[in-house]
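Report on the structure given below.
When a ligand or atom number is given, it counts from 1 through the structure's own listing order. Small disclaimer: the values here were computed from a predicted structure and weren't measured.
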Amino acid sequence: MKRTPLLPAPPLAALALALLGAWMVFFLGQPLGLILGGPCFLTGAGLLLRQGFLQLGSAAQVKSELESENLSLKDRSRHEDRLRQGILVHLREGLVLLGPGKEIRLYNPAAQLLLSSSSRLTLGGSLHGLFREPETLRHIDRAFQGEVTEWTLRRDPRVLRLRAVPFESEDGDPSVLLTLDDITHQEALETTRQKFISNASHELKTPVTSIRIATENLMDGGSVAPGGEGNLKAILRSVDRMTMLLNDISELSRIETGALRLEPMPIQIGVFVPQLLDELRHQAEPRNITLKTLVEPGLERTVIEVDSLRLHQLLENLLSNAIKFSPVGSEVTLRLQRRDPWILWIVQDSGPGIADSDAKRIFERFYRAASTRGVPGTGLGLAIVKHLALLMGGEVSLQSELGRGATFTVKLPLQG
Ligand code: ADP
């Protein structure tokens, strides 16, 4: 803002001039005092008055500038409020902002629509009027502790995808922003797709098994034309590959459709781990790979509650990958660490590793990294691992760098 200079001449000089003029009028007497002091006094007083007026004028100008600035700020803030309100009203996603006491601070119409009339949204209302589902309440608690979480909520007739994002409000209070997406349609498609995979793999398994048996009989009976054995072996290899694929597909679809039920039982780590590694030796030995275990002291005697068959399947997938992708003669390590209430199962290899760009998608079905093409596989093993870990109440993560091996960590609850 441009301001007019308030004092064109130093005020003290004007005052001194006026005083000097007055002194001369009084003390020098007439006519000399009037002749010399009069103009001095008038000039000084004039200057002082002028400065006074200037100051008044400039204060009024400043005031009016401030007022118009204030008005334009109010205008802008009203405009931004309207814009924000418009965005909230037109969003298809539901938004709910929870304050530090989990009270509703803000919400949009889509949130009310998606949550249906069973949940009343009112400003200042409680979270418990909105959600009663324990899983949802647990996720929101985790968001208040600083975690970003996502989960699915079924509210007949809708299926919603919820996401809770923690953030600090302007006054530094912890708040959580909930977003709600209607995924009813995608969910229906996904169920149809999974049912199809489940049925198709079931239907295909029988003929594949019949081809295998017939081929084996032919080979055993020796009634094959000379040179035909090579073809039969090729058929067997293809059948084996198809069987592997079908097994993985049907396994994954059983987990994803909820058909697979866990059967937790107490197992002792010191018994389970050696058995698991023994069963993998036939894969490691032909490649001269050493399987090592590093179990934290005291953990061997620990008994955990887990579905041993499924834990075996999960670790077998990770260890088989580590063995098949590692260079001949290298080492694969299974490390166990207790981090109450979790137990960490860590599989480490010194193979080709996984690039960051692949790591993001490596747990997706059928995704295979370009760097490992040529090594047989279905691309379903890690998807099975991920789903099994989730089903067991845990999770799997990957730490890797291209060319520097891969480490998969499975975090599972000590008591399943
Ligand atoms: P598959 O091993 O049958 O291809 P997975 O789902 O088990 O399928 O693995 C998916 C992909 O992840 C693999 O094709 C490979 O590219 C990569 N991968 C998995 N484990 C490792 C590993 N230990 N080292 C390097 N790459 C791996």
Side-chain angles (χ1 to χ4, degrees), residues 194 197 201 204-205 208 237-256 260 276-277 279-294 310-336 344-392 394-412:
Q194 280 173 5
I197 292 176
S201 55
L204 273 166
K205 259 184 190 171
V208 168
R237 270 201 307 276
S238 305
V239 170
D240 282 345
R241 199 185 129 57
M242 279 168 72
T243 311
M244 194 162 84
L245 189 63
L246 289 170
N247 282 341
D248 279 356
I249 291 177
S250 72
E251 197 59 20
L252 194 57
S253 104
R254 252 160 58 77
I255 303 172
E256 286 184 336
L260 190 135
L276 170 74
L277 290 199
E279 284 171 40
L280 282 153
R281 275 192 220 290
H282 72 277
Q283 288 184 34
E285 272 160 13
R287 312 203 63 237
N288 196 20
I289 284 178
T290 314
L291 292 179
K292 245 175 75 177
T293 45
L294 288 173
R310 297 301 157 192
L311 177 61
H312 189 289
Q313 182 184 11
L314 183 160
L315 293 168
E316 189 182 356
N317 265 312
L318 291 179
L319 287 162
S320 301
N321 275 349
I323 293 168
K324 80 176 172 188
F325 292 120
S326 290
V328 172
S330 63
E331 231 174 44
V332 166
T333 313
L334 171 65
R335 199 174 306 138
L336 266 88
L344 307 184
W345 302 79
I346 305 164
V347 177
Q348 186 173 14
D349 65 52
S350 45
I354 297 168
D356 275 353
S357 51
D358 290 319
K360 290 189 195 91
R361 304 192 51 196
I362 215 77
F363 293 100
E364 284 175 22
R365 285 172 235 147
F366 298 112
Y367 189 84
R368 308 192 73 210
S371 52
T372 60
R373 261 177 215 145
V375 182
T378 62
L380 290 172
L382 287 182
I384 293 177
V385 166
K386 178 182 136 187
H387 282 91
L388 279 178
L390 287 174
L391 195 67
M392 291 191 216
E395 60 186 23
V396 57
S397 57
L398 161 71
Q399 299 83 44
S400 184
E401 254 180 70
L402 199 59
R404 315 192 96 186
T407 304
F408 287 88
T409 303
V410 182
K411 186 171 100 173
L412 293 180

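Atoms of ligand 1 lying under 4.0 Å from at least one heavy atom of Lys324, given by number and element, are 1 (P), 2 (O), 3 (O). With ligand atoms numbered from 1 in the order given, ligand 1 contributes 6 (O), 8 (O) to contacts under 4.0 Å with heavy atoms of Leu380. Below 4.0 Å from some heavy atom of Ala369 lie the following atoms of ligand 1, by number and element: 16 (O).
The residue among Ile362, Leu245, Asp248 with a heavy atom at the shortest distance from atom 17 (C) of ligand 1 is Ile362. Compare Ile354, Asn321, Asp349 by their heavy atoms: the one nearest to atom 27 (C) of ligand 1 is in Ile354.
Put simply, part of Thr378 is less than 4.0 Å from ligand 1, judged by heavy atoms.
A donor-acceptor pair under 3.5 Å links the side-chain atoms of Ser400 to the main chain of Gly405, judged by distance alone.
Residues Leu319 and Leu276 have side chains in contact (heavy-atom distance under 4.5 Å, counting atoms from C-beta outward). Using a 4.5 Å heavy-atom threshold, the side chains of Arg241 and Pro376 count as separate. Side chains of Leu412 and Leu311 form a contact here, defined as non-hydrogen atoms less than 4.5 Å apart.
When non-hydrogen atoms are compared, ligand 1 lies under 4.0 Å from the side chain of Thr372 (C-beta onward) but not from its backbone.
Looking at atom 21 (C) of ligand 1, its nearest protein heavy atom turns out to be Phe325 CD1, 3.4 Å. Scanning the protein heavy atoms around atom 4 (O) of ligand 1, the nearest turns out to be Arg368 NE, 2.6 Å. Atom 10 (C) of ligand 1 has its closest protein heavy atom at Tyr367 O, 3.4 Å.
Of all heavy-atom pairs between Arg365 and Ala383, the closest is CG-CB, 4.0 Å. Heavy atoms only, all atoms of each residue included: Leu402 and Gly353 are closest at CD1-O, 3.9 Å. For the residue pair Thr372 and Pro352, the shortest heavy atom distance occurs at CG2-CG, 4.2 Å.
For ligand 1, the polar-atom distance check against Leu382 finds a nitrogen or oxygen pair separated by under 3.5 Å. Note: an N/O pair closer than 3.5 Å links Gly379 and ligand 1 by distance alone.
Counting non-hydrogen atoms of other residues, nucleotides and ligands closer than 6.0 Å to CZ of Arg404 gives a total of 12 or fewer.
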